[in-house]
Colleague: 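The structure that follows is given in the form of structure tokens.
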There are 2 protein chains.
Amino acid sequence: MVKSDLLECPMEPPSLRERRRDAILDAAEALFLEQGYDRTSLAEIVKLSGGSLATLYDLFGNKQGLLHAIASRWGNEARCQPAGCMAMADLSNAELLRGYAHRQCDRMRSPRAVALMRMLVSESLRDRDFALQIYRDLHIPAVEELSALFAEWAAAGEAEIDDPEAAAKLLLSIVIGDSMLHTLAGLEDEWLDADQLDWRLQPFLSHFKIG
Amino acid sequence: MVKSDLLECPMEPPSLRERRRDAILDAAEALFLEQGYDRTSLAEIVKLSGGSLATLYDLFGNKQGLLHAIASRWGNEARCQPAGCMAMADLSNAELLRGYAHRQCDRMRSPRAVALMRMLVSESLRDRDFALQIYRDLHIPAVEELSALFAEWAAAGEAEIDDPEAAAKLLLSIVIGDSMLHTLAGLEDEWLDADQLDWRLQPFLSHFKIG
DNA sequence: ATCGCCATGTAATTTATATTACAGAAAAGC
DNA sequence: GCTTTTCTGTAATATAAATTACATGGCGAT
């Protein structure tokens with residue numbers, strides 16, 4: 001029995017099956033994001049990934065299984081890179097927040113994130129679990145990270161934030177805001193540039209006394 | 001020739017053909033919004049609207065033509081009700097804006113608006129024109145209306161708003177914000193209640209000196 | 001080397017749905 | 001009332017895609 005038991009982490013050369021699996025996931029993800037789930041056929045996926053339809057069915061059961069596998073891979077990725085954004089440079093809190101806003105904005109405007117959000121919305125009717133999973137991975141970590149930061153500042157008397165979570169959501173709204181609909185509608189990028197972003201942050205910073 | 005010439009506005013009893021047309025549009029709109037475009041079959045539409053497939057094709061050419069007809073009807077509706085929101089009651093500007101925000105929020109959370117946005121996003125890859133048209137009807141009027149109001153206030157010295165359009169977009173971002181993604185993801189309603197909304201508006205009001 | 005497992009490629013099957021064709025029914029115009 | 005035009009129901013056609021079946025070939029283990 002060379003069958004890999006649970007938790008066999010130490011890098012082995014990935015088996016053919018595993019490489020196939022990854023290749024299919026890669027291809028499917030690329031095509032789904034580019035064209036949407038409905039309009040991507042399994043044949044197309046297999047043509048891009050190599051391998052065969054039969055293996056795909058063997059690995060994932062059916063088309064929806066493939067979708068779930070992709071979502072779950074996204075979840076793992078997201079959990080592995082905890083957005084380590086808050087480098088402890090010797091910046092003021094306001095500077096720190098500005099930097100964070102810029103990064104968050106960049107992250108949201110990346111073609112992959114845009115495609116992902118579009119897919120989240122498109123498939124939310126078909127498959128509630130899928131949508132929920134993506135939403136959690138995509139949005140909730142950002143809120144939590146920011147909440148924690150605000151709570152810290154408030155505790156240290158560096159800001160007057162009564163409700164850190166609400167403040168975090170407000171900040172994200174300010175940053176992402178109406179650009180999202182614009183982008184999701186497939187229109188040309190019209191995201192906020194650095195100046196606009198700073199301008200938007202001013203009311204927030206002064207209201208919460210973030211210096 | 002009793003054929004109706006252009007601009008024959010005065011109410012005539014709508015012909016059978018027109019009633020059929022409307023019925024089909026109603027049915028298609030309802031089903032598209034509920035299930036999405038891809039997953040709604042023309043047979044289903046006709047079953048709901050009455051009439052026959054042949055008439056549908058005669059009226060709209062094909063499925064995409066039907067979609068365009070729906071979009072264009074939305075456009076007309078939007079143009080006909082110019083969101084007459086700013087009743088000139090004897091309220092302070094801040095009160096006025098609060099009221100506007102609440103109404104805007106209600107409008108965005110209506111099932112029809114949600115379904116419409118979801119559809120806008122889903123179909124944006126397939127049909128750029130369709131997405132563009134909906135986006136314009138849905139979002140741009142709100143921005144313009146608000147911009148005009150802010151410009152007025154600024155001119156009258158009732159607020160310190162240097163860039164009315166940017167301010168309008170910021171306000172909409174604050175109001176709609178992250179609830180939108182949440183709702184579009186098909187999750188339970190978690191829109192802002194009146195208190196939260198007021199709380200969010202405070203930084204905005206004080207920053208722009210809106211009293 | 002050889003046996004058996006598994007992936008592959010191809011093709012059959014099934015299903016769903018857009019689109020077209022057509023014959024009968026209803027309505028509109030005179 | 002008669003004729004012509006327009007709708008309706010049904011069914012044919014076409015196409016696309018998911019899913020399944022199967023025969024073949026390669027690769028690893030004994």
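Proteins come first, then strands; the chains are lettered A, B, ... in the order of their sequence lines, and each starts at number 1.
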Colleague: Apply side-chain hydrogen bond (donor to acceptor under 3.5 Å, both in side chains) to residues Thr40(B) and Gln35(B) and explain how you reach the verdict.
Modeller: CA-CA 6 Å; Thr40(B) 301; Gln35(B) 313 179 323; 3.0 Å; yes
Colleague: Are the side chain of Ser49(B) and the backbone N or O of Ala23(B) linked by a donor-acceptor pair below 3.5 Å?
Modeller: no
Colleague: Output the rounded distance in Å from CD (Glu44(B)) to C1' (dA18(C)).
Modeller: 14 Å
Colleague: Between the side chain of Arg128(A) and the main-chain N/O of Gly186(B), is any donor-acceptor distance below 3.5 Å?
Modeller: yes
Colleague: Working note: Asp26(B) + Arg73(B), criterion salt bridge (Lys or Arg N to Asp or Glu O under 4.0 Å); need CA distance, chi angles, decisive distance, verdict.
Modeller: CA-CA 10 Å; Asp26(B) 288 342; Arg73(B) 197 169 65 154; 3.0 Å; yes
Colleague: Grab the two heavy atoms, one from Ile45(B) and one from Ala27(B), that are nearest each other, plus how far apart they are.
Modeller: O-CB, 3.8 Å
Colleague: What is the distance from CZ of Arg39(B) to P of dA18(C), rounded to the nearest Å?
Modeller: 13 Å
Colleague: Residues in salt bridge (charged side-chain N to carboxylate O under 4.0 Å, His left out) with Asp127(B), at least two apart?
Modeller: none
Colleague: Nearest whole angstrom, please: distance from the C1' of dT19(D) to the CD1 of Ile45(A).
Modeller: 14 Å
Colleague: So, Phe204(A) versus Trp199(A), ring centres under 6.0 angstrom or not?
Modeller: no
Colleague: Which of residues 24-34 of chain B have a heavy atom under 4.0 Å from DNA chain C?
Modeller: none
Colleague: Quick one: what's the B/S/- string for nucleotides 5-15 of chain C, heavy-atom cutoff under 4.0 Å, read 5' to 3'?
Modeller: --SBB------
Colleague: Write down the distance between CZ (Phe60(B)) and C1' (dA18(C)), rounded to a whole number of angstrom.
Modeller: 16 Å
Colleague: Please work out whether the ring planes of Tyr135(A) and His182(B) are parallel, tilted or perpendicular, with thresholds of 30° and 60°.
Modeller: perpendicular
Colleague: Within this structure, what is the CG-to-C1' distance between Asn62(B) and dT20(C), rounded to whole angstrom?
Modeller: 13 Å
Colleague: Taking atom P of dC7(D) as reference, at what distance in whole Å does atom CZ of Arg19(B) sit?
Modeller: 11 Å
Colleague: Figure out the CG/P separation between Leu42(B) and dT19(C), and round it to whole Å.
Modeller: 7 Å
Colleague: Could you check how far OH of Tyr57(A) sits from P of dT19(D), rounded to whole Å?
Modeller: 4 Å
Colleague: Show your reasoning for whether side-chain hydrogen bond (donor to acceptor under 3.5 Å, both in side chains) applies to Arg118(A) and Ser124(B).
Modeller: CA-CA 9 Å; Arg118(A) 182 176 288 131; Ser124(B) 62; 3.2 Å; yes
